[in-house]
Structure formats: structure tokens, C-alpha cells
Amino acid sequence: MSETPSNTLQYRFDGPEEAPVLILGPSLGTTWHMWDRQIPELTKQWRVFRFDLPGHGGAPAYPAGSVTDLTTRLLVTLEGLGVQRFGYAGCALGGAVGIELALRHPERLASLALIAASPRFGTADEFRQRGVIVRTNGLDPMARTAPERWFTGGFAAAQPAITEWAVQMVRTTDPGCYIAACEALASFDVRSELGRVGVPTLVLVGSDDQVTGPAEARTLVAGIPDARLAVVPGASHLVPVEQPAAVTDLLVRHFSTAWQPVFETSTGQTALPAAALKPVLSPAPQQPPQTGPVAEIAPVAVPQGQGRPDPYDAGLKVRREVLGDAHVDRALAQADEFSGDFQEFVTRYAWGEIWDRPGLDRRTRSCVTLTALVAGGHLDELAFHTRAALRNGLTPGEIKEVLLQAAVYCGVPAANSAFKVAQQVIREETTPQE
């Protein structure tokens with residue numbers, strides 16, 4: 001067990017100290033205990049390292065809002081322990097961390113297994129909507145629906161103790177960290193990069209997984225050059241829990257036969273695993289001796305005919321993050337020769353120039369926007385900016401306070417209309433789906 005600073009992860013080791021390290025990464029809402037039934041067999045050959053996501057399993061609640069952040073925290077943790085090279089198996093969000101390792105830190109990976117994983121998990125809207133529900137209702141809606149997302153109906157009925165364990169795992173997670181993990185999944189999309197994964201990869205999926213099922217698994221296999229597919233029958237999303245023996249057997253076979261050796265670049269020979277090393281900084285390149293006065297730093301020259309980057313792409317990204325893919329897709333699809341220039345104008349200047357400025361955070365911008373829309377009586381815009389405010393982290397109570405403030409300065413009739421619109425939107429957005 002570990003004491004956990006904010007830039008590292010809570011972890012545990014099992015197995016012999018001299019064995020090669022195999023890391024097991026958890027799914028959103030679970031703890032390292034989801035791998036308990038793999039440990040006895042895996043520790044015969046490997047020193048197994050398991051970690052908890054922030055705010056999961058009693059881990060300190062330091063939210064991580066991106067897969068890159070989670071991966072960095074894992075590597076910082078491993079650096080502190082002297083672990084340089086390892087095999088990695090991850091489930092769902094844990095699988096996203098594995099893909100990130102393979103893409104950004106391939107020299108660290110000996111072999112990779114991706115379980116119930118995807119190069120893109122659903123849509124960004126789905127996970128941001130989940131964050132809105134948790135922010136408003138807490139984790140109970142996610143906890144109650146976890147068994148149907150994670151297990152087949154037959155398993156959930158036959159294993160009530162495991163089903164209740166799953167519910168309690170979610171219920172005891174820190175809500176802020178759960179929301180941040182949803183944001184990490186919402187922004188994860190490596191579909192165009194899969195061809196750069198160069199480590200031997202096993203893609204493993206439950207045949208009945210309705211979250212990231214065989215279709216997503218085949219996308220990974222098609223994109224990763226050295227990947228093999230294993231479909232486990234009679235299993236849903238949390239396949240290591242539902243079919244532990246099958247998963248254990250597949251992992252043992254994969255990591256026993258597809259452990260890529262370390263090659264020493266100058267000789268081409270296989271290098272023995274090194275002892276724990278502290279990173280060594282390369283010396284700075286020597287500069288030629290100064291022969292005259294030191295020059296002042298000059299402004300960067302802008303090539304003839306080039307200005308600052310076009311803010312359109314950045315604006316489209318922000319617009320999608322705030323309003324949701326579905327809304328933006330509808331707006332762009334409805335644009336024609338008459339209205340297309342206006343849509344481009346809004347994306348470039350409202351979203352690329354203003355919403356993307358660093359001076360205010362998005363919560364504050366939502367407060368300002370709601371007030372302005374009440375003042376102008378723009379109720380259609382108020383509806384989708386109320387949705388945007390929820391996505392940007394405002395609670396229904398905070399939106400109420402903004403509208404009460406607007407009632408004083410914009411007028412009671414305007415606020416009365418605004419309350420009706422916002423109330424309907426909040427009901428739709430924060431009611432858990434059964």
C-alpha cells in the first residue's frame with residue numbers, strides 16, 4: 001500500500017520482487033479489487049502492480065480530467081518505485097491508459113492487453129451528460145445501474161453478492177473524481193493514431209458487452225498492426241469479474257508469449273533488465289565562445305502574409321465541448337448557402353475568439369451568458385445555454401441563483417420566462433435514465 005501525493009496514484013504490489021512487473025488498470029467506478037481473482041495465477045510469473053483511480057477505493061480525491069493526466073500520474077508513481085519497463089493490461093478507462101502508454105511512451109511497454117476498451121468511448125455528449133447527472137443527483141443513479149452495464153442478466157441474478165459489491169464500489173467513489181474521469185473519457189479519441197501502436201497487443205472483449213463490445217474491439221484490432229482478438233462468451237463489460245478463469249488464461253498466454261525484449265540500440269542485442277535508475281539529464285550542447293556583444297532577444301518574425309492562426313478549429317472544438325456534438329451537428333447540418341457564413345462566423349468569433357479566451361473559466365462565462373440572454377429575452381438560446389451551463393459545471397442551484405440575480409437587474413417578467421425554460425431543461429438533463 002502507498003501514501004499518495006496529488007501527482008501519483010494509490011497502488012499495491014503482489015508477487016515476487018524479482019519477477020517482471022505486470023500492471024493491471026481498473027475501469028471507471030471500480031477499484032483494484034476487480035482483479036482479485038486473477039492475482040493467484042498471475043503472481044506465479046509476475047510481480048503484479050495494481051492501482052486505483054483518483055477518488056476510487058479510498059484513494060485521495062485529486063481529480064484527473066484527462067487520460068494523459070492519469071497516464072502521467074501512473075508513470076510518476078512507477079518512477080518513484082524504480083519500475084522502468086512493464087507489461088500492461090487495462091479494462092475500459094484502464095485500457096485507454098494502456099493505449100496512451102503505447103502511443104506516448106512505447107519504450108516502457110513490453111506487452112499490452114486491452115480489455116473492454118475502445119479508441120473512442122461512445123460520444124463526448126454521453127459522458128458529459130453522465131457528469132451532469134452525478135453533479136445533480138450524486139452517484140446513486142450510476143451505482144444502481146452499474147450491474148446492468150457491467151454484467152449479463154444471468155450473472156447478476158446468480159451472483160447477488162458480487163452485484164451488491166459493484167453497486168457499493170460506485171456509491172463510495174468520490175463524485176468529483178468520477179465526473180473528472182467521465183470528462184477524461186469524453187475527450188479521449190485516438191482512432192487516427194492506432195497505427196502507431198507498436199507493441200504486441202491482445203484485445204479482449206465480452207461477447208455480450210453493451211458498453212464497448214465486439215465492434216469496438218474489432219476497430220482496435222483493425223487499427224493496431226500487431227493485435228489479436230479474443231472474444232469471451234457469456235460475459236459483459238466487466239469481463240475479468242464475470243469470467244475470471246477465461247480472462248486469466250488469456251492474459252497468461254499473451255504475456256508469456258508476447259513479451260517484447262529490450263534492445264540496446266547501438267549493438268542490436270537484447271539488454272538485460274536494468275536496476276532502478278534515476279533519470280539523468282543530458283548535458284546542454286556547448287555553445288561557441290562569444291566574440292562580440294550578446295544580442296538582445298528579438299521579436300519572432302512573422303512570415304510575409306501570415307498572421308495568427310485561424311481560430312475556427314479551436315472555436316469548433318470549444319463549441320462542441322460546451323454545447324454538445326448533437327447540437328452542433330444539427331446547427332451545421334441545417335446550414336445552407338444562405339446561413340452557412342453565419343455559422344462559420346459564430347464558430348470563429350464567438351467560440352474561437354471569445355469563449356476560448358483564458359481570462360474567465362467556462363463556469364463564469366456560462367453565468368454571464370445566461371444573464372445576458374435573460375436580459376435580451378432570447379429564450380431559445382437560453383434553453384441550450386442552460387444545458388451548456390450544466391455541462392460546464394454549474395449546479396441547478398447555482399443556475400437558480402443566476403436567474404434570481406437577473407430578476408433584480410433584468411426584470412421579473414424576463415426572469416419568469418427564463419425560469420420556465422431553465423426548469424424544463426434541468427428536469428430533462430438531470431433526471432437519471434432508468
Side-chain angles (χ1 to χ4, degrees), residues 65 123-142 144-145 175-176 178-180 182-183 186-187 315-334 339 342-343 346-347 349-351 354-357 359-434:
T123 67
D125 287 354
E126 291 171 15
F127 283 99
R128 293 194 172 108
Q129 173 69 14
R130 193 183 295 189
V132 168
I133 290 173
V134 172
R135 193 176 290 112
T136 306
N137 302 282
L139 277 165
D140 187 64
M142 298 299 113
R144 286 187 285 104
T145 57
Y178 189 97
I179 292 168
C182 288
E183 184 62 35
S187 59
L316 185 59
K317 179 176 182 292
V318 174
R319 190 179 181 186
R320 288 186 178 281
E321 288 174 353
V322 173
L323 299 180
D325 288 333
H327 174 88
V328 176
D329 287 342
R330 280 196 304 271
L332 297 180
Q334 291 168 2
S339 63
F342 175 73
Q343 287 298 324
V346 168
T347 300
Y349 294 106
W351 295 101
I354 302 303
W355 272 88
D356 201 33
R357 289 174 63 85
L360 297 174
D361 61 29
R362 290 184 185 175
R363 283 170 47 88
T364 305
R365 290 190 186 279
S366 278
C367 292
V368 174
T369 302
L370 291 176
T371 304
L373 292 173
V374 173
H378 305 301
L379 298 184
D380 288 342
E381 295 266 331
L382 180 69
F384 61 75
H385 270 285
T386 300
R387 290 188 177 87
L390 291 167
R391 293 162 64 91
N392 283 342
L394 290 177
T395 65
E398 289 170 328
I399 293 173
K400 177 181 73 175
E401 292 302 323
V402 170
L403 297 184
L404 286 171
Q405 188 83 2
V408 175
Y409 293 97
C410 303
V412 170
N416 181 50
S417 299
F419 264 101
K420 292 177 183 177
V421 171
Q423 183 180 43
Q424 180 62 32
V425 170
I426 288 169
R427 282 176 178 166
E428 292 172 359
E429 293 296 307
T430 63
T431 301
Q433 300 298 313
E434 296 298 338

Rounded to the nearest 0.5 Å, what separation is found between the [atom1] atom of [X] and the [atom2] atom of [Y]?
X    : Y    : atom1 : atom2 : result
L382 : R387 : CG    : CZ    : 10.5 Å
L394 : I426 : CG    : CD1   : 9.5 Å
R128 : I179 : CZ    : CD1   : 13.0 Å
L403 : T371 : CG    : OG1   : 7.5 Å
R320 : L332 : CZ    : CG    : 6.0 Å

Go through the steps to decide whether K420 and L379 satisfy the test side chain to side chain contact (heavy atoms under 4.5 Å, CB included), and finish with yes or no. CA-CA 10 Å; K420 292 177 183 177; L379 298 184; over 6 Å; no
Any donor-acceptor pair under 3.5 Å linking the side chain of [X] with the backbone of [Y]?
X    : Y    : answer
N392 : S366 : no
R391 : E321 : yes
Q129 : E429 : yes
R365 : R357 : yes
S339 : F342 : no

Under a 3.5 Å cutoff, is there a donor and acceptor pairing between the side chains of Q405 and E401?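 E401 and Q405 do not have a side-chain donor-acceptor pair below 3.5 Å.
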Side chains of D325 and T123 only: does a donor on one sit below 3.5 Å from an acceptor on the other?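 T123 and D325 do not have a side-chain donor-acceptor pair below 3.5 Å.
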Give me the atom names and distance for the closest heavy-atom approach of F127 to C182.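 Here F127 and C182 meet closest at CB-O, 3.4 Å.
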Minimum heavy-atom distance G393-E398, with the two atoms named: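 Looking at all heavy atoms of both residues, the shortest contact is O-OE1, 3.9 Å.
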How about [X] and [Y]: do any of their side-chain heavy atoms sit closer than 4.5 Å?
X    : Y    : result
T430 : R135 : no
V328 : T347 : no
L390 : P396 : yes
W351 : L323 : yes
F419 : V374 : no
Q343 : R319 : yes

Does CG belonging to D361 count more than 12 external heavy atoms closer than 6.0 Å?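 Check passes, neighbour count above 12.
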Parallel, tilted or perpendicular: which fits the ring planes of F384 and H327, with parallel below 30° and perpendicular above 60°?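 The arrangement is tilted - the two ring planes meet at 30° to 60°.
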